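Okay, so here's the structure we're looking at.
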Amino acid sequence: MNISQTLISWYQLNKRDLPWRSTHDPYCICLSEVILQQTRVNQGLEYYNRFVERFPDVFFLAAATEEEVLKLWQGLGYYSRARNLHHAAHMIVQKFNGVFPPTYAELLKLNGIGEYTAAAISSIAYGEVKPVLDGNVARVLSRLYALQEQVDSAAGKKLLNGIASQLIDPADPATFNQAIMEFGALLCTPRNPGCETCPLQSSCLAFSLKRVNDYPVKLARTVVKERYFYYLVVTFVKQGELHLLLNHRNSIGIWRKMYDFPLLESPGELEYPAVLSAQPASIILNDMPFEISAISDEYIHILSHRKLITRFFKIKLQRQPESIQPYIAVPVSQIGKYPIPRLIDRYIRAEKLLVPGYTL
DNA sequence: AATCCGGGGAC
DNA sequence: GTCCCAGGATT
C-alpha cells in the first residue's frame with residue numbers, strides 16, 4: 001500500500017468525530033478552518049459550536065456587527081481572524097449572493113483566507129485536488145523524507161508543496177488532506193510520536209536514521225520582547241451608578257477594535273509617580289482630586305512575540321472628568337457586553353469588578 | 001524575508 | 001520554563 005492509501009486507511013480507523021466532518025456546507029468548513037488556524041481542536045471546538053448556533057449561515061454572519069463577532073470570538077486570540085471572517089462574509093453575500101466561491105483561486109481573494117485555508121476549503125468542500133500545508137503536514141513529510149530544508153522557509157514550503165502534490169490522492173483529496181493532518185495531530189506528534197505503532201514506520205527515513213526528534217528543521221524563533229503596560233482603572237459615580245473609562249482600540253496593532261482601559265505603554269519599568277504624571281493619566285486627572293485605591297500585582301501576559309508586564313492602577317474620582325476623550329464612560333454593570341482581551345478579562349475577574357450577569 | 005498578531009495546553 | 005498549534009497580513 002502506498003503512503004497516501006496508508007494514511008487514509010489509518011484515518012478511517014482513528015479519526016476523531018468532529019462536527020465539521022459531518023457536513024459538506026462550505027460555510028461550516030470555512031468557519032472551522034479559520035477558527036482552527038494556529039489553534040488546537042480542543043480549544044476551537046466550543047467556539048465553532050457557538051458560531052454555528054449564533055450564525056447558522058453566511059447571511060446571519062454578514063448581518064451581525066463586527067463588535068458582536070469579536071465578542072463571540074473573545075478569548076480565542078488572533079482577533080484579526082474574526083474581523084476578516086466578518087469582512088469575508090460581507091463579500092460573499094454582496095458579490096456572490098451568499099454562495100461561497102468554489103475554487104482555490106477565488107477563495108484566496110477573501111480576507112483571512114490564505115493558502116492553507118483556501119486549499120482546505122476547496123479540497124474538503126469541493127474536491128479540488130489541492131494539498132494543504134499546515135504544521136502537521138510539514139512535520140509528517142519532514143520526518144518521512146528527513147528533510148534538511150527549514151520547513152517554514154520559502155524554499156521549505158516549496159519543497160513540501162511539491163512532495164504533497166505528488167502524494168495527494170487525486171480521487172479523494174478531501175480525505176487525504178484531513179488524513180495527513182489528523183495523522184500529524186494524533187500520531188506523528190511534535191513530542192513523543194507514536195513511532196512504535198506507526199503504519200508508515202518502514203517508509204520513514206527519520207525513523208530509520210533514529211532521528212525523528214531532529215525533524216522538522218525550523219527557523220530560529222524571534223525573541224520575545226518585554227513591554228510594560230500601566231492600565232488606569234478610572235472609576236467614578238455618575239447618575240447613581242459606578243462607571244469606569246474604557247478605551248476603544250481603533251488604531252492598528254494589537255487587539256484592534258477591542259476594548260481595554262486607558263493605557264501607558266513603556267519599554268522599561270516605571271515608578272508610580274511617573275505613571276501618574278505622564279499621559280494619559282495627566283490628561284484624565286487634570287488637577288482633579290483623586291485617590292489611588294489600589295495598585296495591582298504584576299499580570300504577566302504572553303503573546304506570540306511580546307511579554308506584557310502589566311499593573312493596574314485603580315483610581316477613584318469624585319465625578320466624571322470634564323473631557324474623557326477619546327475614552328468612553330461605561331457603567332461597570334455593562335463591561336461584559338464589550339469584547340475585551342484576555343488580560344483585561346483576567347483582571348476584571350480577579351478584582352470582582354464584574355457583577356452578576358457578566359459572562360464570557 | 002522578517003515581523004506582527006493570542007491564547008492555551010502538553011511536557 | 002519551552003514548544004507549537006488545521007496561519008494570514010503587512011512591510
Side-chain angles (χ1 to χ4, degrees), chain A residues 11 15-16 18 20-21 29-48 70 73-85 87-88 107-121 123-125 130-140 142 150-158 164 174 176-186 188-193 213 216 218-225 227 249 251-258 260 299-308 339-346 360:
Chain A
Y11 178 66
K15 67 178 176 182
R16 290 166 287 185
L18 300 171
W20 49 87
R21 286 184 175 156
I29 306 288
C30 176
L31 199 51
S32 72
E33 292 301 340
V34 174
I35 286 174
L36 293 176
Q37 288 167 6
Q38 291 292 283
T39 304
R40 291 172 197 280
V41 166
N42 285 339
Q43 189 187 356
L45 189 53
E46 287 180 37
Y47 285 86
Y48 173 82
L70 272 174
W73 200 273
Q74 181 178 312
L76 195 52
Y78 283 136
Y79 298 99
S80 63
R81 292 185 292 171
R83 297 189 299 267
N84 287 333
L85 184 68
H87 186 269
L107 286 164
L108 203 51
K109 296 176 182 173
L110 295 171
N111 282 47
I113 308 291
E115 293 178 7
Y116 163 76
T117 308
I121 298 171
S123 65
I124 297 172
K130 200 81 184 175
V132 292
L133 182 49
D134 74 334
N136 292 307
V137 177
R139 185 171 55 257
V140 171
S142 166
Q150 294 165 317
V151 295
D152 44 359
S153 68
K157 288 175 188 170
K158 191 173 179 181
F176 172 84
N177 277 340
Q178 294 181 85
I180 190 169
M181 290 191 285
E182 190 80 335
F183 183 79
L186 297 183
C188 195
T189 48
R191 278 174 295 193
N192 303 324
N213 289 325
K218 292 194 158 189
L219 295 168
R221 289 215 302 172
T222 55
V223 291
V224 175
K225 295 174 188 167
R227 285 288 183 277
R249 301 182 63 97
S251 61
I252 60 171
I254 188 175
W255 300 329
R256 182 155 61 103
K257 300 292 184 72
M258 301 181 79
D260 59 359
Y299 283 68
I300 308 297
H301 191 70
I302 307 291
L303 306 176
S304 44
H305 62 298
R306 286 279 189 278
K307 177 179 180 180
L308 307 181
I340 56 176
R342 193 58 118 193
L343 173 62
I344 304 300
D345 190 54
R346 272 207 292 147
L360 181 73

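The model shown is predicted, which means the values in this text are computed figures rather than measured ones. Order of the sequence lines fixes the chain letters, A, B, ..., with proteins taken first and strands second; residue numbering starts at 1 for each chain.
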Of the options [options], whose atoms approach the side-chain atoms of [X] most closely?
{"X": "A/N136", "options": "C/dT2, C/dA6, C/dC4", "result": "C/dA6"}
{"X": "A/Y79", "options": "B/dG8, B/dG6, B/dC4", "result": "B/dG6"}
{"X": "A/I254", "options": "B/dA1, B/dC5, C/dC5", "result": "B/dC5"}
{"X": "A/L303", "options": "B/dG6, C/dC5, C/dG7", "result": "B/dG6"}
{"X": "A/L36", "options": "C/dA9, B/dG7, C/dA6", "result": "C/dA6"}
{"X": "A/R306", "options": "C/dA9, C/dA6, B/dC4", "result": "B/dC4"}
{"X": "A/P341", "options": "C/dA6, B/dG7, B/dG6", "result": "B/dG7"}

What's the gap between [N] and [M] when it is taken at their [atom1] atoms, as a whole Å value?
{"N": "C/dT11", "M": "B/dG6", "atom1": "P", "answer": "16 Å"}
{"N": "C/dG8", "M": "B/dG9", "atom1": "P", "answer": "23 Å"}
{"N": "C/dC4", "M": "B/dC5", "atom1": "C1'", "answer": "15 Å"}

Under 4.0 Å, heavy atoms only, any strand: does [X] hit a base, just the sugar-phosphate, or nothing?
{"X": "A/G253", "answer": "sugar-phosphate"}
{"X": "A/W73", "answer": "nothing"}
{"X": "A/E115", "answer": "sugar-phosphate"}

### Message
Testing the basics here: between A/V224 and A/S304, what is the closest heavy-atom pair and its distance to 0.1 Å?
### Response
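For A/V224 and A/S304, the tightest heavy-atom pair comes out as CG2-O, 4.2 Å.
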Does the side chain of [Y] come within less than 4.5 Å of [X]'s, by heavy atoms?
{"X": "A/R83", "Y": "A/K257", "result": "yes"}
{"X": "A/L31", "Y": "A/Y48", "result": "yes"}
{"X": "A/H301", "Y": "A/R346", "result": "yes"}

Given atom [atom1] of [X] and atom [atom2] of [N], what is their separation to the nearest angstrom?
{"X": "A/R346", "N": "B/dG8", "atom1": "CZ", "atom2": "C1'", "value": "12 Å"}
{"X": "A/Q38", "N": "B/dG8", "atom1": "CD", "atom2": "C1'", "value": "12 Å"}
{"X": "A/R83", "N": "B/dG6", "atom1": "CZ", "atom2": "C1'", "value": "12 Å"}
{"X": "A/K257", "N": "C/dA9", "atom1": "NZ", "atom2": "C1'", "value": "15 Å"}
{"X": "A/N111", "N": "B/dC5", "atom1": "CG", "atom2": "P", "value": "18 Å"}
{"X": "A/Q43", "N": "C/dC3", "atom1": "CD", "atom2": "P", "value": "19 Å"}
{"X": "A/L45", "N": "C/dC5", "atom1": "CG", "atom2": "P", "value": "19 Å"}
{"X": "A/D152", "N": "C/dC4", "atom1": "CG", "atom2": "P", "value": "10 Å"}

For a quick check, tell me whether the side chain of [X] and the base of [N] share a donor-acceptor pair closer than 3.5 Å.
{"X": "A/R191", "N": "B/dA10", "result": "yes"}
{"X": "A/T39", "N": "B/dG7", "result": "no"}
{"X": "A/R256", "N": "C/dA9", "result": "no"}

### Query
Starting at the 5' end of DNA chain B and moving along, which residue's nearest nucleotide shows up first, A/A155 or A/L76?
A/A155
#### Entry: 5' precedence on DNA chain B between A/Q37 and A/N192 (nearest-nucleotide basis)
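Nearest nucleotide further toward 5': that of A/Q37.
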Is the phosphate of [N] approached by [X] (side-chain N or O, under 4.0 Å from OP1 or OP2)?
{"X": "A/Y47", "N": "B/dG7", "value": "no"}
{"X": "A/H305", "N": "B/dT3", "value": "no"}
{"X": "A/H301", "N": "B/dG7", "value": "yes"}
{"X": "A/W255", "N": "B/dC4", "value": "no"}

### Query
Which comes earlier along DNA chain C counting from the 5' end, the contact point of A/I252 or that of A/T117, where each point is its nearest nucleotide?
A/T117
### Contact nearer the 5' end of DNA chain C, comparing A/Y78 with A/P190
A/P190
### Task
Could you walk me through whether A/K218 and A/Q150 pass the side-chain contact (heavy atoms from CB on, under 4.5 Å) test, one step at a time?
CA-CA 5 Å; A/K218 292 194 158 189; A/Q150 294 165 317; 5.9 Å; no
### Message
One pair to check against side-chain contact (heavy atoms from CB on, under 4.5 Å): A/F176 and A/S123. What are the steps and the verdict?
### Response
CA-CA 9 Å; A/F176 172 84; A/S123 65; over 6 Å; no
### Chi angles and distances behind the side-chain contact (heavy atoms from CB on, under 4.5 Å) call for A/M258, A/I344
CA-CA 11 Å; A/M258 301 181 79; A/I344 304 300; over 6 Å; no
